[in-house]
Enquirer: 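The structure that follows is given in the form of structure tokens.
So that the names make sense, note that chain A is the first sequence line, chain B the second, and so on, each numbered from 1.
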Amino acid sequence: MPELPEVETVRRALERTIKGRSIESVAVFHPRMIQGDLEHFRNLVEGRRIERLSRRGKYLLFILGEVAMLSHLRMEGKYYLKPAGTPPEKHEHVVFTFTDGWALHYHDVRKFGTFEAVPMHSLEDVPALKKLGPEPAELDLRDDVTEIFRGERPIKAILLDQTRLAGIGNIYADEILHCARIHPERPGRTLGVRLRRRVIDCAQRILAAAVQAGGSSVRSYRNTLGEDGRFERSLRVHTHEGKPCPDCQSTIRKAQISGRGTYYCPTCQRRKKG
DNA sequence: GACGCTGTTCTATT
DNA sequence: GAATAGAACAGCGT
């Protein structure tokens, strides 16, 4: 589920539903999801009020006054709000019980998700956040983005690299490259100034539209708090192997690029020029 | 039953 | 460095 638009959708849902609640206790059933010492984590988080929800790249930030709790959903993390005392289901690994009779359950079939709590004043120094590249939405099309696209790696790998741009994952990388009409294996370095701008422009437009639609729910997953993303209907190449390209009717191909399943149109996204 | 996928990212190896 | 393979884990389809 979660790339930037999905994480942003979760952030908004949590902001609507749990902002202002106070965390009475935290139950952790799978300690390795917590970065650092578990007791330290609980000491930092318990008793604090959720003042607001923020996001950086694919990280959710629970702002608890003087403490920030980072939550990364990785592949399949989801949140559900339930009455306090509801027994955790099989794949629910962390439960935040609030003082008002409700609880937030973290559900993650593959247990890849992570949590980390840090004092607010050291948030800037958290390595996970420090390494992240800029938010695509914050770039100006007039900015010099040459650095982002440097190197010989395929442009697809560059878009997936969170230190270059934050928040893009496998679905949106494919959609952005189709929008920009660039072959996913083309080395980043070979993009001229016009193509670099086109990639940023496509990234901003596609991510914004996906946020508007509440993200995508590819496969049969539902989004947090029971909300369904609608953007998967707008996907033009991702998961569309064998189907006609909406622009030129050529058959969409699937290839393995940088170790990831990659969908593209062989006609719109030629290797040579863009 | 085995194998090869899956929206992520970190670590070890080449 | 930089690119790639493997690992963390569970489920689903072939």
Side-chain angles (χ1 to χ4, degrees), chain A residues 1-11 29-36 55-60 70-79 89-94 106-116 126-133 147-177 184-189 203 206-207 210-211 213-224 227-242 254-263:
Chain A
M1 172 178 80
E3 301 180 33
L4 186 155
E6 291 75 33
V7 177
E8 176 62 18
T9 300
V10 172
R11 187 196 70 75
F29 308 111
H30 193 76
R32 59 182 304 161
M33 308 183 83
I34 311 294
Q35 313 279 296
R55 180 189 60 75
R56 181 77 173 88
K58 299 173 190 170
Y59 286 87
L60 273 172
L70 284 63
S71 162
H72 197 301
L73 309 175
R74 294 290 184 109
M75 300 288 262
E76 303 190 9
K78 297 171 192 66
Y79 284 105
E89 290 182 14
K90 184 177 176 195
H91 298 298
E92 293 178 347
H93 309 300
V94 184
Y106 177 73
H107 182 286
D108 189 341
V109 170
R110 290 169 76 178
K111 302 191 182 107
F112 284 176
T114 58
F115 292 85
E116 182 173 7
V126 175
L129 299 183
K130 213 168 185 174
K131 286 185 298 194
L132 293 179
E147 267 300 290
I148 293 174
F149 296 98
R150 73 184 186 279
E152 294 298 322
R153 302 165 75 195
I155 179 66
K156 164 90 184 218
I158 288 175
L159 289 183
L160 292 177
D161 183 345
Q162 302 299 299
T163 71
R164 305 291 186 99
L165 284 170
I168 297 168
N170 207 30
I171 295 178
Y172 297 105
D174 285 356
E175 295 299 314
I176 289 165
L177 290 177
E185 279 182 305
R186 184 164 167 171
R189 181 184 57 71
I206 288 170
L207 294 171
V211 168
S216 306
S217 20
V218 172
R219 294 148 86 117
S220 55
Y221 303 125
R222 299 203 97 195
N223 284 347
T224 289
E227 295 177 23
D228 264 324
R230 299 177 305 281
F231 193 74
E232 70 273 12
R233 289 181 227 152
S234 305
L235 297 179
R236 294 163 70 83
V237 286
H238 193 83
T239 71
H240 288 193
E241 182 183 20
K254 184 182 184 189
Q256 203 77 6
I257 297 174
S258 302
R260 309 298 302 277
T262 300
Y263 300 83

Enquirer: Are the side chain of A:Thr163 and the backbone N or O of A:Asp161 linked by a donor-acceptor pair below 3.5 Å?
Expert: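 Not at all, since once roles are kept as given, no pair shorter than 3.5 Å links the two residues.
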Enquirer: How is A:Gly151 classified with respect to the nucleic acid when contacts are heavy atoms under 4.0 Å: base, sugar-phosphate, or nothing?
Expert: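 Answer is nothing: A:Gly151 stays at 4.0 Å or more from every strand.
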Enquirer: Is A:Lys90 close enough to C:dG11 that one of its side-chain N or O atoms is under 4.0 Å from OP1 or OP2 there?
Expert: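 Yes.
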Enquirer: Can you see if the side chain of A:Lys254 gets near the phosphate of B:dT6 - specifically, an N or O under 4.0 Å from OP1 or OP2?
Expert: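 So the side-chain polar atoms of A:Lys254 do come within 4.0 Å of the phosphate oxygens OP1 or OP2 of B:dT6, strictly under.
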Enquirer: May I ask you to verify if any side-chain N or O of A:Lys111 is less than 4.0 angstrom from the OP1 or OP2 atom of C:dA8?
Expert: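 So the side-chain polar atoms of A:Lys111 never come under 4.0 Å of the phosphate oxygens OP1 or OP2 of C:dA8.
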Enquirer: If the P atom of C:dG6 is compared with that of B:dC3, how far apart are they to the nearest Å?
Expert: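 C:dG6 and B:dC3 have their P atoms separated by 15 Å.
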Enquirer: Heavy-atom distance under 4.5 Å between the side chains of A:Glu232 and A:Thr239, does that happen here?
Expert: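 In short, these two side chains do not touch, never coming nearer than 4.5 Å.
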Enquirer: Could you label the plane-to-plane angle of the A:His72 and A:Tyr59 rings as parallel, tilted or perpendicular, counting under 30° as parallel and over 60° as perpendicular?
Expert: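 If you compare the ring of A:His72 with that of A:Tyr59, the planes turn out perpendicular.
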Enquirer: Could you give the distance separating C:dA5 and B:dG4 at their P atoms, to the nearest angstrom?
Expert: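 To the nearest whole Å, 15 Å.
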Enquirer: Establish, with yes or no, whether the OP1 or OP2 oxygen of C:dC9 is under 4.0 angstrom from a side-chain nitrogen or oxygen of A:His30.
Expert: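 No.
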Enquirer: Is A:Arg260 close enough to B:dT8 that one of its side-chain N or O atoms is under 4.0 Å from OP1 or OP2 there?
Expert: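 It does, given that an N or O in the side chain of A:Arg260 lies less than 4.0 Å from OP1 or OP2 of B:dT8.
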Enquirer: Hey, what are the protein-to-nucleotides 2-4 of chain B N/O distances that come in under 3.5 Å?
Expert:
none

Enquirer: Among side-chain atoms of A:Tyr79 and A:Ser71, is any donor-acceptor pair under 3.5 angstrom?
Expert: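 Note: A:Tyr79 and A:Ser71 side chains meet the donor-acceptor criterion.
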Enquirer: Hey, is the side chain of A:Arg74 poking within less than 4.0 Å of OP1 or OP2 on C:dC9, counting only N and O atoms?
Expert: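 For C:dC9, OP1/OP2 do not have a side-chain N/O of A:Arg74 under 4.0 Å.
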Enquirer: Can a salt bridge be assigned to the pair A:Glu152 and A:Arg189 using a cut-off of 4.0 Å between side-chain N and carboxylate O?
Expert: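 Salt bridge: yes.
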Enquirer: Keeping A:Glu3 on the side-chain end and A:Gly169 on the backbone end, is there a donor-acceptor pair under 3.5 Å?
Expert: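 Yes: the side chain of A:Glu3 pairs with the backbone of A:Gly169.
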Enquirer: Does B:dT9 have OP1 or OP2 under 4.0 Å away from a side-chain N or O of A:His72?
Expert: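 For B:dT9, OP1/OP2 do have a side-chain N/O of A:His72 under 4.0 Å.
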Enquirer: In dot-bracket notation, what is the pairing pattern of DNA chain C, taking Watson-Crick (N1-N3 plus N6-O4 or O6-N4) and G-U wobble (N1-O2 and O6-N3) contacts under 3.5 Å, with [ ] crossing and | for other strands?
Expert: .|||||||.|||||
Enquirer: Between C:dC9, B:dT9, C:dA3, spot the one nearest the side chain of A:Glu152, thanks.
Expert: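 Nucleotide nearest to A:Glu152's side chain: C:dA3.
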Enquirer: Mind checking A:Arg150 for me? I need base, sugar-phosphate or nothing, with any heavy atom below 4.0 Å counting as a touch.
Expert: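 Contact class for A:Arg150: none.
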Enquirer: Counting only side-chain N and O atoms of A:Gln162, is one of them less than 4.0 Å from OP1 or OP2 of B:dT9?
Expert: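 It does, given that an N or O in the side chain of A:Gln162 lies less than 4.0 Å from OP1 or OP2 of B:dT9.
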Enquirer: Thinking salt bridges, do A:Asp174 and A:Lys156 make one under a 4.0 Å N-O criterion?
Expert: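 Looking at A:Asp174 and A:Lys156, the cut-off is met.
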Enquirer: With under 30° as parallel and over 60° as perpendicular, where do the rings of A:Tyr106 and A:Phe115 fit, or are they tilted in between?
Expert: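 Judged by the thresholds at 30° and 60°, the geometry between A:Tyr106 and A:Phe115 is perpendicular.
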Enquirer: Within the 4.0 Å heavy-atom criterion, would you say A:Gly259 contacts the bases, only the backbone, or no part of the nucleic acid?
Expert: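 Touches nothing.
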Enquirer: Taking C-beta and beyond as the side chain, do A:Glu241 and A:Tyr263 meet within less than 4.5 Å on heavy atoms?
Expert: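 Heavy-atom side-chain distance check passes, below 4.5 Å.
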Enquirer: A:Arg153 side chain: which of C:dA10, B:dC10, C:dA2 is closest?
Expert: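 Taking heavy atoms from C-beta onward, the closest nucleotide is C:dA2.
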